[in-house]
Structure formats: structure tokens, C-alpha cells
Amino acid sequence: MRVHVADHPLIDHKLSVLRNKETPSPVFRQLADELVTLLAYEATREVHTEEIEVVTPVATAHCRRIADPRPMVVPILRAGLGMLEGMTRLLPTAEVGFLGMSRNEKTLEIETYANRLPQDLSGRQVFIVDPMLATGHTLIAAIDYLLERGAKDVTALFLLAAPEGLKAVEEAVGDRANVTIVVAAVDDHLNENAYIVPGLGDAGDRLYGVVD
Ligand code: URA
């Protein structure tokens, strides 16, 4: 597994505003969207391309374009929706699938409550978007799900990650797939409620408001 921590002054600045508990939802949404576009630039560095010839007004140019099968972007509901547009802005030809995952508070298992993905993902590059990599359990379940459908190449974009989550994902995935994590920052640790410290709070609530 590769971890790429995006290192850029614009990312640092936007993250500082996102972390501030006084930042209101509309500004949070806008900044999360801008941050994803910056992360997406890094995350798509190895997207598959193919050669094409393009006739310019002057001559024929040998160019490259994104190859088939088209990449797949998968936001993890609900908070991942806040990162979808920033991602598809850079990858407009990508297809979008959805995974809704939540933790069963009794068994602590991750349960999939929504799934809109092709059955066969062989040969597809998949880009998962989710703001927070905390314990890593959701990402592990999402990667397992994608691997069962034949995906081998998975890149996951996060605003923040905890070291505990990165370690858990690395141990769970091993060499079963080519997994890359692209993240704006890796924070200190998880607290007893599995929140990232210092983090930015509950990303879903900060994007969309508190839902009881
Ligand atoms: N999910 C969040 O939204 N925030 C955290 O800090 C951890 C998980």
C-alpha cells in the first residue's frame, strides 16, 4: 500500500479553515470541494491512458487520452458525497458508483446498506472518496467489496487520516491489491470515540448538518 500525503501550501491553508469549528457548512462544503480537486490531481497521476492522433489546425499530434474501461469514482455515503463533484470535475469521463456503509453499533461490524456498482470491476481503476480515514474499518470493507468484484487497482482520497487507520488498512489489504491512499494530512491519533485528533469533527455533520 502506498500513502501519499499531499504537500502544498494551498492544501495547508484550506485545511486550516476546514478544521476551525467556527467555519459554517457552506464554506466547509466549498473548501472540501476545492481540496478534493487538489488531491485528485495527485490521485490521478497513474490513471490509464492510451495513444490517439488528433488533427490540429496545423498538423497531426500524437496525444494521450484516458483509456477504457473508464475509471470508477465511488463516494462512501454520506460524507463522501461532499467530495464527489471535486473528483468528477477532474475526471469527467469517470463513471460513479455508490457505497453506503455504516457501523452496526451492536456488533461493531461494518454493514453495507446501499450499493450501486457494476458486478464486474475487472480492469477498472477505482477511486474511493471519503473525508476521514479513522479506524480504517469502512475502507477495509469497501476495498474487500471492490476486490470481490474483480478490482485490483484502488486509490482512496481522504481529507484526513489517523495513523491507526492507515496501519489497519495496510495490514488488512497486504498484497492482495494495488492500493494507494492520497490524503491532505495525517493527524496525531484517534480518541476513545474513534474521532481523529485534532481532526475537524464529524465530517458528515460539518458538510450537511446534524441528523438525529
Ligand atoms: N469520522 C468523522 O467524521 N470524523 C472523525 O474524526 C472520524 C471519523
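Here the structure is a predicted model, which means the values were calculated and not measured. When a ligand or atom number is given, it counts from 1 through the structure's own listing order.
The protein heavy-atom contact nearest to atom 7 (C) of ligand 1 is Ala194 O, 3.5 Å. Protein heavy atom closest to atom 3 (O) of ligand 1, with residue, atom name and distance, is Ala203 N, 2.7 Å. Of all protein heavy atoms, the one closest to atom 6 (O) of ligand 1 is Ile196 N, 2.8 Å. When only non-hydrogen protein atoms are considered, atom 8 (C) of ligand 1 lies nearest to Ala134 CB, 3.7 Å.
Proximity of a side-chain donor or acceptor of Asp187 to a complementary backbone N or O of His189 within less than 3.5 Å is not detected.
Residues Arg124 and Asp153 are not paired through a salt bridge, judged by the lack of any N-O separation under 4.0 Å between the basic side chain and the carboxylate. Ion pairing of Asp205 with Arg78 is present here, as a side-chain N (NZ or NE/NH1/NH2) and a carboxylate O approach within less than 4.0 Å. Using a 4.0 Å cut-off between charged side-chain N and carboxylate O, Glu50 and Arg65 make a salt bridge.
Which of Gly165, Gly201, Gly204, Gly199 comes nearest to atom 5 (C) of ligand 1 through a heavy atom is settled by distance: it is Gly201.
A donor-acceptor pair shorter than 3.5 Å can be found between the side chains of Thr180 and Arg2.
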